[in-house]
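Reviewing the structure listed below.
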2 protein chains.
Amino acid sequence: MTYLRYSAILTVLMKSEKISELTTSRLSVYLRCLNALHAAGIKTISSQALAEQFNLNSAQIRKDLGYFGEFGVRGVGYYVADLRDHITKILGLDSPHRVGIVGAGRLGTALANYNGFARSNFTVAAVFDNDRQKIGGRIGDAKIAVHDVDQLAKVIREESIDVMVIAVPAKAAQRVLNQVMSAGIKAVLNFAPVSLTSRRGVKVKTVDLTTSLESLSYFLSQPSSVAVTQPRSHSRSEESFPQRRKGAKAENL
Amino acid sequence: MTYLRYSAILTVLMKSEKISELTTSRLSVYLRCLNALHAAGIKTISSQALAEQFNLNSAQIRKDLGYFGEFGVRGVGYYVADLRDHITKILGLDSPHRVGIVGAGRLGTALANYNGFARSNFTVAAVFDNDRQKIGGRIGDAKIAVHDVDQLAKVIREESIDVMVIAVPAKAAQRVLNQVMSAGIKAVLNFAPVSLTSRRGVKVKTVDLTTSLESLSYFLSQPSSVAVTQPRSHSRSEESFPQRRKGAKAENL
DNA sequence: CTCTGTGAAGTCATTCACAGCG
DNA sequence: CGCTGTGAATGACTTCACAGAG
């Protein structure tokens, strides 16, 4: 099957294993790093050198990549431009995504203006709200139109939106998610601090600021500030650091 | 040791095990739920009933709580108000925290106005920037003062800030983190899309929107949209759902 | 008889360690 | 000889299953 390796679709099907979200998150991080290396004119990099950037194990990187093919060259490492292209395809970032944001509050507005999206081939195509004051207006430098939430399905279709961001108050979030799912959306990034129920085939990723902060609070309340184990992998920020230690890394993807 | 159980400090020291961040994140979620139950006038709840709220295993909840003491009553469950108080203490949310935000851009401003913080005993006490235009001003409804980043250490001391939020561009983040650490801060929430190096005893939690979105993109690019395994625990949003299934949950703490 | 608390088993992720390619 | 790719070993987290308290 080696000769099929460079097909984006086949890459993904090569092994029937399911890929953990931990792996895809790391791929995203590797990609960011590879882009920087490429911009710096660096041509090749070993898994060891790449691992040092994030304080993770080089075997982890090789394993992550190994799920999708054999991209390295023994005795050399990985060609930066080549690996970058592969990961871009693996993550589906070679084709553009269009994003809709529900909630034109402060967070929604900040996200609508977030420039980091464009770099990954994401474009914010529409914002939705239920506030008559905001509907019909435009926000941000890009003058993105604010639509009535009732027009969700219609606008999603017209604008070919495939990813939705939920930035509404907690009590409205499930209702909004239901509407979003009805409109056929399969990927949702949720900022409302609630546990949402999604249906099969719909991926909801929640970013919960309250939980993040409260978790930090627990850490602060620990006597020595060293009684928290890391969630896994990377981010061995504190104690329990093995032999090598040149400064800990903070991740939490 | 049972008679010491109700001391906040002892609670934390009871077992010498290290507590995973996965556990503390879930505690935060339980707490939110308990607050809602309390407000709804519900007096007791079993681990089974609580688990159903998040589609996680009831043993998981009992285990999480078990690290800190025995809070339940056999045959009955947990007293809502009682458990709420315990978790509040465990997470260190019984004493207030003061938050500083570096970066008065859109995200920093949105965060400065985020009301969700107050509920958990967090107060945003100061914002920092390096833009002369912004320094000396005040932002948000609460009119929080914007300080020069050069005054970081001084203001942190004066305002008794113990948690810092980094909301600056990626290339400035490490420098800011270094300053923040020098000022003695032990807990940092980072929104810059970079892997930061922290020193021992300093906890950095990164919220990386790009990585979250790119991870969603991978999911979208999967043929059947069912080839992604869950990170662990909850959030068994798709396929591979065991026997019971009344609708999947989306977490990802 | 119900529901907690917890060892034991099971599942999944990371790290080790090395064969073997370039 | 260096570095990848990968089975095997280790470690972490979750779920099972049940003794025993109320």
Side-chain angles (χ1 to χ4, degrees), chain A residues 2 5 14-15 17-26 44-52 54-79 82-83 86 228-236 240-244 249 251 253, chain B residues 1-2 5 14-15 17-27 44-52 54-79 82-83 86 228-236 240-244 249 251 253:
Chain A
T2 304
R5 187 178 301 149
M14 281 194 70
K15 314 210 174 179
E17 288 173 87
K18 308 243 186 271
I19 303 302
S20 146
E21 200 170 317
L22 294 167
T23 293
T24 58
S25 292
R26 282 191 300 263
T44 67
I45 188 156
S46 68
S47 60
Q48 177 60 52
L50 196 54
E52 280 165 9
F54 317 112
N55 276 45
L56 41 94
N57 189 288
S58 63
Q60 172 112 79
I61 294 180
R62 296 197 299 276
K63 267 259 153 75
D64 284 340
L65 297 175
Y67 293 127
F68 303 98
E70 304 197 357
F71 306 126
V73 180
R74 289 158 196 245
V76 177
Y78 299 88
Y79 289 105
D82 192 44
L83 186 56
H86 274 110
V228 179
T229 53
Q230 266 30 67
R232 179 144 269 156
S233 69
H234 36 62
S235 169
R236 30 168 62 122
S240 77
F241 211 76
Q243 55 294 88
R244 77 194 141 103
K249 283 293 176 171
E251 276 302 307
L253 304 175
Chain B
M1 281 184 77
T2 303
R5 188 178 301 150
M14 280 194 71
K15 314 211 176 180
E17 287 173 88
K18 308 243 184 272
I19 304 302
S20 147
E21 200 171 315
L22 294 167
T23 293
T24 58
S25 292
R26 281 191 300 263
L27 287 178
T44 67
I45 188 156
S46 67
S47 59
Q48 178 61 52
L50 196 54
E52 281 165 9
F54 318 112
N55 277 44
L56 39 94
N57 190 289
S58 64
Q60 172 111 79
I61 294 180
R62 296 197 299 275
K63 268 259 151 75
D64 284 340
L65 297 174
Y67 293 127
F68 302 98
E70 305 197 355
F71 306 127
V73 180
R74 289 159 196 244
V76 177
Y78 300 87
Y79 289 105
D82 192 44
L83 186 56
H86 274 110
V228 179
T229 53
Q230 265 32 64
R232 180 143 267 156
S233 68
H234 35 58
S235 170
R236 29 168 65 126
S240 78
F241 210 79
Q243 54 293 87
R244 75 196 143 105
K249 282 294 176 171
E251 275 302 308
L253 303 175

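In what follows, every heavy atom counts, from backbone to side chain, and hydrogens, waters and symmetry copies are set aside. Quick caveat, the model's predicted, so the values are computed rather than measured. Letters go in sequence order (proteins before strands), and every chain restarts at 1.
One interatomic measurement links the two molecules: CD of A:Gln60 to C1' of D:dA12, which rounds to 13 Å at whole-angstrom precision. Taking atom CG on A:Asn55 and atom C1' on C:dT14, their separation rounds to 15 Å, with Å as the unit. One can place CG of B:Leu56 at 12 Å from P of D:dC16, the figure rounded to the nearest angstrom. Atom CZ in B:Phe71 sits roughly 15 Å away from atom C1' in C:dT6 (whole-Å rounding). Summarising the geometry, the separation between CD on A:Glu52 and P on D:dC3 is reported as 11 Å, rounded to the nearest angstrom. Note: CD (B:Glu21) to P (C:dA13) measures 18 Å, nearest angstrom. Atom CD1 of A:Ile19 and atom P of C:dC12 are 14 Å apart (whole Å). Between the OH atom of A:Tyr67 and the C1' atom of D:dT4 there is a distance of 16 Å, rounded to whole Å.
A residue-by-residue look at B:Ile45 and A:Arg74 shows that B:Ile45 has its nearest nucleotide of DNA chain C further toward the 5' end. Nearest-nucleotide mapping onto DNA chain D: of A:Gln48 and B:Val73, the residue sitting toward the 5' end is A:Gln48.
Residue B:Gly72 is in sugar-phosphate contact alone, with no base atom involved, counting any heavy-atom pair closer than 4.0 Å across all strands shown.
Note on A:Ser47: every side-chain N or O is 4.0 Å or more away from OP1 and OP2 of D:dC3. For B:Ser46 and C:dC3, the shortest distance from a side-chain N or O to OP1 or OP2 is not below 4.0 Å. The phosphate of C:dT15 has neither OP1 nor OP2 within less than 4.0 Å of any side-chain N or O from A:Arg62. Side-chain N/O atoms of A:Tyr79 include none lying less than 4.0 angstrom from OP1 or OP2 on D:dT4.
Of the listed nucleotides (D:dG5, D:dA19, C:dA17), D:dG5 has the atom at the smallest distance from the side chain of A:Glu70. Side-chain atoms of A:Asn57 lie closest to C:dT15 of the nucleotides C:dT15, D:dT14, D:dG22. Closest approach to the A:Ala59 side chain among C:dA13, D:dA17, D:dT6 is made by D:dT6 (side chain taken as heavy atoms from C-beta onward). Comparing atom distances between the A:Lys63 side chain and each of C:dC16, D:dG5, D:dG7 picks out D:dG7 as nearest.
In plain terms, the two heavy atoms of A:Arg62 and A:Ser47 that are nearest each other are NH1-OG, 3.0 Å. Taking both residues in full, the closest heavy atoms of B:Asn57 and B:Ala51 are given as C-CB, 3.9 Å, listed atom of the first, atom of the second, then distance. Pairing each heavy atom of B:Phe71 with each of B:Leu65, the nearest pair is CE1-O, 3.7 Å.
Using modelled atom types, one side-chain atom of B:Thr24 and one backbone atom of B:Glu21 make a donor-acceptor pair closer than 3.5 Å.
Two residues are said to be in side-chain contact when any heavy atoms from C-beta on lie closer than 4.5 Å; A:Phe54 and A:Leu50 meet this criterion.
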